[in-house]
Amino acid sequence: MSLRPPMVEVRGARKSFGAVEVLKGIDLSVERGQIVAIIGPSGSGKSTLLRSINHLESLNGGEVWLDGVQVNQPLHGQAFERHINKVRQQMGMVFQHFNLFPHLTVIENITMGPVILKGMPKAEARALALALLSKVGLADKIDAYPSRLSGGQKQRVAIARALAMQPKVMLFDEATSALDPELVDEVNAVMKQLAAEHMTMLIVTHEMRFAGEVADRVLFMDGGVVVEEGPPADIFRAPQKERTRTFLKKYLSA
Amino acid sequence: MLGYSMDFSLMQRVFPFFVEAALVTIEITVLALILGLAAAALAAAAKMSRSAIPRAIGTLYVSLFRGTPCLIQLFVLYFGGPQIGINLDPFAAGVIGLGLNIGAYMAESIRGALVAVDRGQAEAARTIGFSRFQTLRKVVLPQAARLMIRPLGVNTVALLKGSALVSTISVVELTYTAQRFIGSTYKPFEIFGVAALLYMIMVYAVARIVDLLDKRFAIV
């Protein structure tokens with residue numbers, strides 16, 4: 001057993017939107033370098049769980065920890081604001097709809113965070129951005145505006161932007177759901193490369209095949225609870241729960 | 001009406017006086033625009049605040065000034081002001097009245113543009129670690145700026161035309177000057193025609209400026 005705390009830990013997470021409870025007490029622990037895929041039907045709470053880790057949703061109960069630091073500390077006002085801004089710098093998040101800043105070029109999208117938040121010299125940030133863009137295969141697009149890019153290219157830039165902050169963990173919220181099928185692979189390839197580099201990742205996805213290939217562990221969520229979790233081989237080939245079986249049957253037959 | 005021949009020489013003779021009066025109209029409009037934009041920025045920020053008191057103040061301001069005639073607002077300020085110890089000359093009362101009035105409309109234009117920026121933009125900025133203020137300044141405002149140019153342009157045109165109202169509190173601008181010439185010429189068709197022409201030219205100029213700004217702020 002390692003003495004270091006887990007990279008991400010969620011304890012008893014509860015979240016309601018109005019009268020609807022979307023997270024009904026979730027526990028989750030992700031070790032360093034581990035890749036966890038979260039699957040489940042729409043409305044199962046998987047995106048809300050991911051967003052709660054980044055505090056885009058604030059929990060009604062429970063705790064979120066990142067590398068031994070509580071994310072949702074009971075601070076108020078400016079004190080919490082300062083705390084969460086620091087914590088978020090250590091988590092990269094990638095969204096379904098990319099959310100690149102359309103008024104900035106590709107390189108500006110990437111250098112903005114390191115320059116403003118970390119005080120990195122512009123030349124250094126530029127070199128870092130270039131290295132990241134080469135890594136995602138878009139070194140020729142540095143001065144392009146996002147509107148000139150395909151969906152797959154946008155998402156790869158968004159991943160580079162998140163990586164530029166040198167995060168401890170990457171959160172992917174249905175990163176390929178908005179892409180044309182033929183563009184999915186180029187984004188998946190980048191994520192696989194990160195996996196090979198032992199980046200800690202939480203991946204909310206509808207792509208069972210990709211989850212099976214890349215994840216160390218798969219969580220199946222439904223109705224705000226984790227129904228079943230385990231290695232992809234167990235979950236996909238020998239699910240224990242009836243609910244998991246019916247869900248997977250629909251996907252695997254499609 | 002048919003067969004009436006317009007008095008073009010009268011129109012020519014009054015034209016220089018009207019141009020001078022139009023300059024006063026421009027001056028009032030520009031000053032009221034500056035005041036209005038400042039009031040609008042404050043009111044929009046207040047209405048979008050997370051605390052209830054600024055929100056209530058912002059909402060009260062906007063509903064008060066949009067919910068009553070601008071003419072009544074000018075009268076309250078200019079004629080009613082002295083009763084409560086506010087003595088303004090016509091020009092100052094005109095600028096303040098028009099500015100506060102258009103500010104209420106502009107507040108909604110600004111707020112509408114800010115709200116129209118996709119929520120994912122702010123979320124992406126926040127997840128990188130930017131503060132609320134940095135997110136507003138670096139990500140949301142640059143995108144909202146473009147969305148507010150057209151509505152603010154429409155507000156400015158309304159302000160320019162609405163400035164004719166200050167003639168009722170004896171500010172010597174274009175409409176007031178036109179009225180003064182009626183008494184001596186008895187030719188309102190020509191006189192007001194010249195005034196209308198000058199208003200049209202000024203409105204056209206504002207529209208061109210808005211076009212230029214729109215291009216300048218265009219997102220590639």
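Residue numbers begin at 1 in each chain, while the letters A, B, ... track the order of the sequences.
Distance check, rounded to the nearest 0.5 Å: CZ of B:Phe130 to CG of A:Leu117 gives 4.5 Å. For the atom pair A:Ile84 CD1 and B:Arg132 CZ, the distance stands at 11.5 Å (nearest 0.5 Å). Rounded to the nearest 0.5 angstrom, A:Ile53 CD1 and B:Thr127 OG1 are separated by 13.5 Å. In this structure, the separation between CZ on A:Phe101 and NZ on B:Lys138 is 12.0 Å, given to the nearest 0.5 Å. Annotation: the span from A:Asn54 atom CG to B:Glu123 atom CD amounts to 9.0 Å, rounded to 0.5 Å.
Heavy-atom distances place no part of B:Arg50 under 4.5 Å from chain A, backbone and side chain included. Only the backbone of A:Met91 comes within less than 4.5 Å of a heavy atom in chain B; its side chain stays farther off. In this structure, chain B has a heavy atom under 4.5 Å from the side chain of A:Phe95, while its backbone stays farther away. Contacts between A:Leu171 and chain B at a heavy-atom distance below 4.5 Å are absent for every atom of the residue. With a 4.5 Å cut-off on non-hydrogen atoms, A:Arg82 does not touch chain B at all.
A donor-acceptor pair is defined here as one N or O able to donate and one able to accept, closer than 3.5 Å; such a pair exists between the side chain of A:Asn99 and the backbone of B:Gly120. In this structure a side-chain-to-backbone donor-acceptor pair under 3.5 Å is missing from A:His103 to B:Phe217.
Ion pairing between a basic and an acidic side chain is recognised when a charged N comes within 4.0 Å of a carboxylate O; A:Glu81 and B:Arg126 show such pairing.
The neighbour count for B:Arg137 CZ, taken as heavy atoms of other residues, nucleotides or ligands under 6.0 Å away, does not exceed 12.
Put simply, the side chain of B:Gln134 reaches to within 4.5 Å of the side chain of A:Ile116, judged on heavy atoms. Residues A:His97 and B:Asp118 fail the side-chain proximity criterion, which asks for heavy atoms closer than 4.5 Å. Two residues are said to be in side-chain contact when any heavy atoms from C-beta on lie closer than 4.5 Å; A:Arg88 and B:Ile128 fail this criterion.
Closest heavy-atom contact between B:Gln143 and A:Pro102: OE1-CG, 3.2 Å.
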